[in-house]
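Single-structure report; data block below.
The first residue of the sequence shown is numbered 1, and numbering continues consecutively from there.
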Amino acid sequence: MSTDRYNAYRIMWILVLFDLPTETKAERKAAQNFRKKLIADGFTMFQFSIYMRHCPSRQNSGVHIKRVKSMLPKHGKVCIFEITDKQFGMMEIFHGRKEIPPQKPIQQLELF
């Protein structure tokens, strides 16, 4: 097994940011369904309306990005982007004035 396979420049994070309308019951339901589908696909909430997912490779992240695109709600604004694990690790996160470390990648099991 190559150590290059787990290189911080090959491992990817997908971030999905969205601003969905919630004025009507139908809009609230669509927004809730979108969030539920993100969670079902392995995304976790980073902040309100920001969900993220760890992917072991760019190829794997492409699969999940395609899946997110297939479940986009009819209305609202959604932004999808991916960053390397190295870039994610350089993120500075604060809770109030206290700096907190970024979330560690989830251990991925690989079956052959």
Side-chain angles (χ1 to χ4, degrees):
M1 188 180 297
S2 170
T3 57
D4 182 50
R5 187 171 187 181
Y6 299 107
N7 184 310
Y9 293 99
R10 294 178 54 115
I11 297 171
M12 304 301 292
W13 286 87
I14 304 171
L15 284 93
V16 177
L17 298 76
F18 55 91
D19 186 14
L20 304 177
T22 56
E23 297 293 316
T24 67
K25 186 175 181 178
E27 290 173 340
R28 285 190 295 277
K29 184 173 181 165
Q32 183 179 28
N33 284 339
F34 182 66
R35 283 191 293 274
K36 284 181 180 180
K37 288 177 183 177
L38 286 174
I39 292 168
D41 192 36
F43 284 82
T44 57
M45 186 170 70
F46 184 66
Q47 291 183 345
F48 293 118
S49 299
I50 301 175
Y51 283 70
M52 65 182 187
R53 187 184 201 293
H54 179 262
C55 296
S57 67
R58 186 175 296 274
Q59 181 181 9
N60 182 258
S61 69
V63 169
H64 292 285
I65 289 171
K66 185 177 180 181
R67 195 171 293 151
V68 171
K69 288 179 180 179
S70 74
M71 60 177 140
L72 292 173
K74 187 175 181 178
H75 302 288
K77 186 175 183 178
V78 177
C79 173
I80 305 166
F81 67 96
E82 58 186 336
I83 60 173
T84 65
D85 191 49
K86 182 71 173 176
Q87 292 167 321
F88 186 83
M90 294 186 302
M91 185 184 326
E92 293 183 83
I93 303 170
F94 296 87
H95 185 50
R97 291 183 180 219
K98 182 179 178 184
E99 186 171 3
I100 57 175
Q103 180 179 337
K104 298 285 183 190
I106 301 165
Q107 181 65 33
Q108 296 287 321
L109 296 177
E110 187 171 325
L111 304 174
F112 297 94

From Lys77 atom NZ to Leu72 atom CG, the distance as rounded to the nearest 0.5 Å: 13.5 Å
Stepwise side-chain contact (heavy atoms from CB on, under 4.5 Å) test for Cys55 and Ile14: CA-CA 8 Å; Cys55 296; Ile14 304 171; 3.7 Å; yes
Is the closest side-chain heavy-atom distance between Ile11 and Pro56 below 4.5 Å? no
Could you walk me through whether Val68 and Leu38 pass the side-chain contact (heavy atoms from CB on, under 4.5 Å) test, one step at a time? CA-CA 7 Å; Val68 171; Leu38 286 174; 3.9 Å; yes
Would you give the length of the straight line joining atom CZ of Phe46 to atom CE of Met52, rounded to the nearest 0.5 angstrom? 5.5 Å
I'd like to check Glu82 versus Arg58 (side-chain heavy atoms, cut-off strictly below 4.5 Å). Are they in contact? yes
Which pairs would a plain distance check flag for residues 87-100, meaning a side-chain donor or acceptor within less than 3.5 Å of a matching protein atom at least two apart in sequence or in another chain?
unit_1, atom_1, unit_2, atom_2, d
Gln87, OE1, Thr84, N, 2.8
Gln87, OE1, Thr84, OG1, 3.3

Quick check for you: to the nearest 0.5 Å, what is the distance between Ser49 atom OG and Leu20 atom CG? 7.0 Å
Quick one: pull up CZ in Phe43 and CG in Leu15 and give me the separation to the nearest 0.5 Å. 8.5 Å
I'd like to know if Ile65 and Met12 are part of one continuous hydrophobic network [Ile/Leu/Val/Met/Phe/Trp/Tyr, side-chain heavy atoms within less than 4.5 Å]. no
Hits for salt bridge (Lys or Arg N to Asp or Glu O under 4.0 Å) against Arg28, two or more places apart or cross-chain, chain-then-number order -> none
For the residue pair Pro21 and Glu27, what are the closest heavy atoms and their distance? O-CB, 3.3 Å
ILVMFWY cluster, Ile83 and Ile50 together (side-chain gap under 4.5 Å): yes
If you compare all heavy atoms of Ala31 against all heavy atoms of Thr22, which two are closest, and at what distance to 0.1 Å? CB-CG2, 4.3 Å
When clusters are formed by joining ILVMFWY residues with side-chain heavy atoms under 4.5 Å apart, either directly or through shared neighbours, do Met45 and Ile80 land in the same one? yes
Would you please test Asn60 and Arg53 for side-chain contact (heavy atoms from CB on, under 4.5 Å) and show each step? CA-CA 11 Å; Asn60 182 258; Arg53 187 184 201 293; 4.0 Å; yes
Show every ring-ring contact (aromatic ring centres under 6.0 Å, His included) that has at least one partner inside residues 20-42, sequence neighbours left out. Phe18-Phe34
For Ile39, which residues count as a side-chain contact (heavy atoms from CB on, under 4.5 Å) partner, sequence neighbours excluded? Tyr51
With sequence neighbours excluded, residues passing side-chain contact (heavy atoms from CB on, under 4.5 Å) with Gln59: Ser57
So, using salt bridge (Lys or Arg N to Asp or Glu O under 4.0 Å) as the criterion, who are the partners of Asp41 when residues are at least two apart? Arg67
